[in-house]
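The structure appears right after this line, and notes come after that.
Here is how names work: the chains are called A, B, and so on, in the same order as the sequence lines, proteins then strands, and each is numbered from 1. Scope of the values below: all heavy atoms of this structure, side chains included, with no hydrogens, waters or symmetry mates. All values reported here derive from a predicted model rather than from experimental measurement.
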Amino acid sequence: MERFTETVIQIIKRIPAGKVMSYGQIAKAAGSPRGARQVVRILHAMSRKHSLPWHRVINSKGEIGIQDEELFFTQKTLLEGEGVKIKGRNRIDLEKYRYQSIEDE
DNA sequence: GGCTTGACGGGTA
DNA sequence: TTACCCGCCAAGC
């Protein structure tokens with residue numbers, strides 16, 4: 001891989017609809033097992049300038065860890081629109097919807 | 001060049 | 001099961 005940032009972007013872009021990945025999972029797949037926080041930063045930056053399926057990225061607990069009400073609602077709506085059922089306020093079945101990327105093993 | 005910030009993760013209490 | 005703490009690392013000031 002060239003750069004961690006670009007690799008992360010590529011990984012996010014190839015997550016299929018109806019599937020999700022956790023920040024840590026993506027970071028690991030990109031080569032930095034402890035780079036979850038970098039993934040967060042990338043999401044912030046990319047979601048504003050590029051069209052990235054950032055809504056398919058959640059935390060390791062299978063929840064949407066967003067604070068912003070508007071973005072939270074947006075992500076939840078987009079996921080449900082792709083077939084991802086959300087239980088309660090923000091509970092997602094990682095066992096069913098987690099996308100196992102090729103790099104992530 | 002140094003300090004602060006994060007939409008996090010995993011372990012411990 | 002929830003709450004808290006510490007570790008990680010890149011980007012912005």
Val57(A) and Tyr23(A): CA distance, side-chain angles, deciding distance, side-chain contact (heavy atoms from CB on, under 4.5 Å) verdict
CA-CA 6 Å; Val57(A) 185; Tyr23(A) 300 95; 3.5 Å; yes
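Between Tyr97(A) and Gly18(A), the shortest heavy-atom contact is CD2-O, 3.5 Å.
Nearest to the side chain of Arg41(A), among dA11(C), dG10(B), dA7(B), sits dA11(C). Of the candidate nucleotides dA10(C), dG9(B), dG6(B), dG9(B) has the atom nearest to the side chain of Ser22(A). Distance from the side chain of Ser60(A) is smallest to dG9(B) among dC9(C), dA11(C), dG9(B).
Rounded to whole Å, atom C1' of dA10(C) lies 16 Å from atom OH of Tyr23(A). When rounded to the nearest whole Å, the span between CE of Met46(A) and C1' of dA7(B) equals 14 Å. If you measure from atom NZ of Lys28(A) to atom P of dG9(B), you get 12 Å, rounded to the nearest angstrom. Residue Arg56(A) contributes atom CZ, which lies 22 Å from atom P of dA7(B) at whole-angstrom precision. Distance, Gln38(A) CD to dG7(C) C1': 12 Å, rounded to whole Å. Computed from coordinates, the Ile26(A) CD1 to dC9(C) C1' distance equals 16 Å when rounded to whole Å. Atom-to-atom, CD of Gln67(A) to P of dG6(B) comes out at 10 Å; the value is rounded to the nearest Å. Protein atom CG of Asn59(A) is 14 Å distant from nucleotide atom P of dA3(C), rounded to whole Å.
Checked for salt-bridge contact, Asp93(A) and Lys87(A) meet the test: a charged N lies under 4.0 Å from a carboxylate O.
Heavy atoms of Thr5(A) sit under 4.0 angstrom from primed sugar atoms or phosphate atoms, though from no base atom. No contact: Gly35(A) has no heavy atom under 4.0 Å from any strand.
Looking at heavy atoms from C-beta onward, Arg89(A) lies in side-chain contact with Phe72(A) at the 4.5 angstrom threshold.
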